[in-house]
Novice: 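Let me begin by handing over the structure; questions about it come next.
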Amino acid sequence: MNAWFHPLVLITFLPLFGLALLLLLDGRNERSLRWVALLTSLVTFGLAVWALLLDRQGALTELSLPWLRLGRLAVRFHLGADGISLLMVLLTTFLMPLALLSTWTAVQGERLKGFLALFLLLEVGMNGVFLALDLVLFYIFWEFTLVPMIFLIAIWGGERRIYAALKFFLYTMVGSVLLLVGILFVGLQVGSFDLPALIQNRAAFAGAQTVLFLAFGLAFAIKVPLWPLHSWLPDAHVEAPTAGSVILAGVLLKMGAYGFLRFNLPLFPQASQQLAPWMAGLAVVGILYGAGVAFAQKDWKKLVAYSSVSHLGFVMLGIFALTPQAVSGAVLQMVNHGLSTGALFLLVGMLYERRHTRELAAFGGLWKVLPVLSALALIVTLSSLAVPGLNGFVGEFNILAGAFNASALGSVWFAGLGTVGVILAAAYLLKMFEKVFLGPLVHEENRSLADLNIREVLTLLPIVVLVVAIGIYPQPIFDLISPAVERLLMLAAQP
Amino acid sequence: MSDTQLAWVVWAVLLPLGGIVVNLVVGRRLGEKGIGAVASLAAAGSFAVSGLLALALLQHPEGGIYRLATWFNLGSLAVDWSFRVDTLSVTMMLVVSGVGTLIHIYSIGYMHADVRHNGDPQRFRRFFIYLNLFVAAMLLLVSANNFLVLFVGWEGVGLCSYLLIGFWFEKGEGGLGNARAAKKAFIVNRVGDFGLLIAIFLMIGAFGTLDFDGVFAQAAQAAPALLVAITLFMLLGVTGKSAQLPLFVWLPDAMAGPTPVSALIHAATMVTAGVYLVARSQALFLPVPQAQAAVTWVGGLTALFAATIALGQYDIKKVLAYSTISQLGFMVAAVGMGAAVAGIFHLVTHAFFKALLFLAAGSVILGLEHGHEHAGEGHDPFDPQDMRQMGGLRKRMPLTFAVYLVGALALAGVAPLAGFFSKDEILVAASERFPVVFGLLLAAAFLTAFYMGRQLILVFFGEPRSKAAHHAGESRPLVTMPLVVLAVFSALGGALNLPGLHSLEHWLEHSLVGVKEGHFVWAVALGSLAVALLGLGLAWLVYGRRAPTEQDALARPLGPLYRAFERKWWVDEFYRLVLLRPLGWLAQVLAGPVDLGLINSLGDGLGQGSQLSANWLRKLQNGLVRSYALVVMVGVVAMFAYLLWVR
Amino acid sequence: MTITYYLALSVILFTLGAVGVLVRRNAIVIFMSLELMFNAANLVFVAYAAYYQLINSQLFVFFVMTVAAAEVAVGLALMVAIFRTKHSIDVDQMSALKG
């Protein structure tokens with residue numbers, strides 16, 4: 001297939017085409033700007049679905065072209081997708097249109113073009129991260145996602161946006177620097193940065209595995225975020241504009257977990273096994289700590305931000321249990337968290353548009369006034385709570401069940417304490433729901449709020465449908481990711 | 001049983017779900033009667049399905065399994081949406097859907113008044129959607145063929161109780177009382193769910209499957225320590241869902257929900273899920289007598305503990321709530337000691353008379369609210385549930401009184417009403433296996449009769465103690481008719497398992513393990529009857545002969561003991577002090593000094609550190625050429641020294 | 001005649017020049033000290049040239065002298081320009097690049 005029309009290339013770079021169109025348009029024509037961006041993201045989603053269908057037929061090939069030559073080092077332009085990558089790309093391209101749809105009335109004026117352009121750039125970076133199979137290419141895309149996000153926070157963010165953007169930048173950079181050193185070391189040892197070649201020749205750097213695991217892992221752990229490297233998340237989430245928060249929580253955080261799965265496990269198997277209990281321990285601390293701190297929050301967005309720390313603790317626990325059940329549960333939970341937390345941020349944004357505050361105390365009794373919004377919020381909250389029948393339960397259950405019986409962890413305490421997180425999640429999520437939607441209507445300003453309009457319903461409905469569907473019938477997703485998960489675990493198990 | 005017959009079981013769950021869809025889509029146009037009819041028909045449909053399954057089981061008592069679809073299959077664990085049709089599950093289904101349908105019908109009349117009383121007629125539809133969802137979830141729970149689908153139903157009914165307790169979410173103490181009660185129910189239940197989850201994880205590790213047949217078959221060879229772990233964690237789940245010590249605290253608060261909710265969820269069905277779980281899992285308990293003892297003791301202690309609290313309550317529903325906890329204690333003790341048939345028998349009869357009592361209490365409350373408005377005191381604060389405001393309702397609400405009497409006597413265990421037979425079987429089993437628990441249960445039975453007598457007298461006898469009671473009137477047929485049906489069942493329900501016939505036992509034998517032949521012991525039977533009559537008689541002596549005063553008649557004789565009963569032994573306060581406050585404080589500390597302070601300073605500290613070192617390094621740039629020249633000089637000398645002497 | 005005496009003299013001259021560069025504040029004096037350093041280096045070159053009969057060393061002296069001359073020319077031009085603004089050639093006062 002001609003390289004330009006390879007589905008993976010199209011998925012990654014089509015948003016650039018949309019970007020070009022945007023740049024050509026007049027900045028004052030807000031409608032066409034929005035529609036161009038939305039259509040671009042929808043077409044990209046369509047392409048992702050096409051790629052999925054190709055994969056089901058076994059017809060989705062990789063694209064590996066020689067690219068750069070640095071002396072005896074070769075960097076290849078290598079894009080490829082297995083089940084996990086495809087799932088992540090689907091998640092990304094699914095959330096993008098919804099995030100863009102949510103900005104229809106939230107972002108206006110002359111800066112709209114820049115806003116939408118940055119989003120499209122972000123999509124390029126994210127898709128590239130999940131599809132790149134060459135370390136340098138991966139690193140390029142990894143850094144690439146940083147720039148639009150920082151500008152989005154710094155320009156369209158809340159009050160403390162500069163602080164938040166800077167913090168986000170510095171934290172991520174610290175990790176990235178070590179990641180780069182690790183990449184260079186590994187590449188120099190083997191002579192290539194191509195992932196399959198590295199996996200095959202991983203004996204070349206097997207002696208320095210632990211250090212390399214930590215070097216790679218620091219960048220990923222900061223991104224996830226793994227306790228105690230999470231401090232950038234609350235600020236970034238709170239200060240980012242709604243659509244930014246949705247993408248940040250929905251996709252960017254998953255890049256960290258994905259990095260662990262794609263690189264750390266196959267490249268550094270022994271280190272992964274040895275450090276698994278430590279990583280799982282930090283993950284469990286994150287679960288409980290995130291839940292506890294979320295409970296004490298007064299700012300709604302901050303509460304959801306800390307809940308992300310808690311949820312991604314589950315994901316990390318699942319990954320480092322190193323069993324097929326737990327890892328599959330973790331990958332599913334990556335999708336679940338993207339959906340439910342993305343939806344929560346959308347809801348926060350919708351209420352923010354109406355009341356211009358995120359303080360929990362400013363709400364109360366909203367169910368009387370906004371029944372549709374409240375009902376959808378309830379479903380999303382329950383999904384976050386991992387109520388059986390919805391998507392969150394399938395992920396969390398498999399993670400905990402897998403971790404409970406995992407030999408890599410060697411103790412049931414990890415999963416046992418993680419299960420306590422289930423109780424704590426009920427505490428802070430129900431407190432959140434009660435403070436906003438239940439109780440009497442104390443503030444008069446809330447009485448005249450308008451319920452969801454068609455656009456807002458359209459933004460939330462696809463997520464809610466998926467939430468229920470995945471809860472009842474998650475097997476298609478498990479079928480998609482099983483081969484990839486098994487292959488990764490097989491690579492991680494060999495010495 | 002043929003596959004087509006087995007497939008019916010799915011309809012039992014799907015019909016109420018269908019009711020929800022219909023009500024969601026066209027509910028507004030149907031009007032209240034229509035909405036109620038749709039929901040009740042859906043529940044009745046489930047009952048019909050259960051009945052058909054029961055009939056089919058009469059031919060093929062061994063039952064069968066129906067697999068609907070795969071839920072998820074991860075290689076090491078495969079879980080299907082599969083259903084089990086056997087005598088135990090169908091018995092539960094009949095009770096749930098039968099009592100459920102009656103309560104649906106009752107709710108049409110009750111909620112018609114309630115939504116107007118609370119000022120939001122639009123919310124009528126939502127009630128029936130939640131009610132249908134609850135029935136669907138409970139039916140899923142009892143018809144599940146593996147522990148995970150059971151868990152879906154288990155948490156599903158927990159969710160529905162959250163929605164229904166908090167139905168009037170803007171009302172209650174301080175506007176938030178109902179919402180808080182709902183939250184409490186959910187979270188306390190979640191603590192129990194934690195236990196059940198751990199038990200499930202242990203089962204996966206040990207047995208590799210969650211299907212009932214698979215688990216129970218392997219249970220016999222499993223290590224006792226493992227079984228003890230599984231069963232004890234399961235017990236934690238049971239104490240949560242079935243409101244036993246120490247997780248019973250949500251049930252009394254749950255009375256904040258509308259009365260039909262209390263009847264359905266907390267008396268007749270949801271709380272019995274724990275009893276069902278232990279009955280179903282007898283194969284796990286029988287090999288480990290220590291676990292059985294634990295369950296039995298929890299049940300016995302709870303039975304007595306809750307009965308004492310019921311003595312001190314003034315709210316008509318709270319008395320019934322603690323009575324429920326106490327009776328659940330009986331059931332849990334029964335299934336704990338291996339008398340699963342007795343436990344299920346009591347579950348069924350208790351469903352009849354407790355639902356009856358709650359619904360009748362609802363009728364009383366409605367009557368009082370009516371009377372309150374009639375008396376022209378519509379806007380004065382008035383608690384229609386306070387028994388101290390009642391009295392003399394025997395003459396004003398004769399039908400309600402009659403059915404309430406039947407229910408109360410059945411609960412007290414007066415022969416030949418249903419409660420006598422079922423309670424008696426439990427007592428017989430206890431007297432043989434756990435004599436001390438027998439004593440606890442006997443004492444609880446005495447107190448049961450006593451507090452029910454107290455309630456009857458305070459509510460129905462004597463003179464009306466408030467204007468509302470004076471003006472109270474009987475409720476409409478839509479409300480009273482289900483009461484009559486339940487009264488009939490409460491009276492005749494003993495026929496299910498009469499001594500000698502043991503019909504229920506023979507029915508359940510096909511699904512339960514370890515069923516021993518039940519037998520009738522005259523001593524125990526007469527003893528329990530005597531205890532019941534003694535309790536009722538004593539209640540008459542204490543309360544019946546003089547007009548009630550401000551203070552309860554028992555308050556002075558019992559003194560501080562009565563305070564303890566009244567204040568529920570300060571359990572909630574204890575939990576608040578020992579658990580909630582420290583945890584809340586911990587959350588504040590984590591969010592404040594630890595997260596914002598310590599961990600944040602990792603990042604902020606890095607920034608500040610860079611600034612400090614930069615400031616320090618800056619001093620080198622002092623702008624003086626001479627110092628720069630000096631540095632150059634020193635550097636050159638150092639280089640030469642290195643080259644000359646080190647290399 | 002050992003070369004040591006010449007080298008010793010050269011070292012002394014160099015040191016004197018270096019100290020002068022570091023200690024004196026007047027720009028002209030610094031230049032003079034620099035010249036001293038240059039000439040000390042020249043002395044070393046010439047001494048070795050005579051001792052080893054090398055022509056290369058003698059050639060190098062020319063290079064040094066040329067560089068010295070050029071550098072002094074530029075330096076004095078800088079001094080004149082600075083004097084126009086600062087009215088002083090005290091090196092300590094030219095600290096505008098202080099960070």
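All chains are named by letter (A, B, ...) in the order of the sequence lines, taking the proteins before the strands, and each is independently numbered beginning at 1.
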Novice: Please state whether the side chain, the backbone, both or neither of Trp168(B) comes within less than 4.5 Å of a heavy atom of chain A.
Specialist: neither
Novice: Should the heavy atoms of other residues, nucleotides or ligands under 6.0 Å from CZ of Phe169(A) be counted, would the total exceed 12?
Specialist: no
Novice: Which atoms of Leu385(A) come close to chain B, meaning under 4.5 Å heavy atom to heavy atom: side chain ones, backbone ones, both, or neither?
Specialist: both
Novice: Where does Glu486(A) contact chain B at under 4.5 Å (heavy atoms): side chain, backbone, both or neither?
Specialist: neither
Novice: Where on Leu382(A) is there a heavy atom nearer than 4.5 Å to chain B: the side chain, the backbone, both, or neither?
Specialist: side chain
Novice: Tell me, please, whether Tyr575(B) has Arg581(B) positioned over its six-membered ring: NZ or CZ under 6.0 Å from the ring centre and within 45 degrees of its axis?
Specialist: no
Novice: Among Gly439(A), Ala415(A), Gly402(A), single out the residue with the greatest number of heavy-atom pairs under 4.5 Å to chain B.
Specialist: Gly439(A)
Novice: Can you tell me which of Phe393(A), Tyr473(A), Trp227(A), Trp232(A) forms the most heavy-atom pairs within a distance under 4.5 Å of chain B?
Specialist: Phe393(A)
Novice: So Phe128(B) and Phe124(B), ring-ring contact (aromatic ring centres under 6.0 Å, His included) or not? Walk me through it.
Specialist: CA-CA 7 Å; Phe128(B) 283 91; Phe124(B) 189 87; 5.0 Å; yes
Novice: Under 4.5 Å, counting heavy-atom pairs only, tell me which of Gly292(A), Pro440(A), Ala291(A), Ala296(A) racks up the most with chain B.
Specialist: Pro440(A)
Novice: Counting only heavy atoms closer than 4.5 Å, note whether Val442(A) contacts chain B via side chain, backbone, both or neither.
Specialist: neither
Novice: For the pair Asn146(B) (side chain) and Leu148(B) (backbone), establish whether a donor and an acceptor sit closer than 3.5 Å, ignoring hydrogens and angles.
Specialist: yes
Novice: State, without any angle test, whether Tyr306(A) and Lys302(A) hold a side-chain donor-acceptor pair at a distance under 3.5 Å.
Specialist: no
Novice: With a 4.5 angstrom heavy-atom cut-off, could you sort out which part of Ile472(A) is near chain B: side chain, backbone, both or neither?
Specialist: both
Novice: Heavy-atom distance under 4.5 Å to chain A: side chain of Asp604(B), backbone, both or neither?
Specialist: side chain
Novice: Under a 4.0 Å N-O cut-off, is there an ion pair linking Glu239(A) with Lys301(A)?
Specialist: no
Novice: Identify which of Asn73(B), Ile198(B), Val188(B), Leu197(B) forms the greatest number of heavy-atom pairs closer than 4.5 Å to chain A.
Specialist: Asn73(B)
Novice: Under a 3.5 Å threshold, yes or no: a donor from one side chain and an acceptor from the other, between Asn189(B) and Lys184(B)?
Specialist: no
Novice: So, is the end of the Lys431(A) side chain (NZ or CZ) under 6.0 Å from the ring centre of Phe295(A) and within 45° of the ring's axis?
Specialist: yes
Novice: By a 4.5 Å heavy-atom criterion (distance strictly below it), what part of Leu159(B) contacts chain A: side chain, backbone, both, or neither?
Specialist: side chain
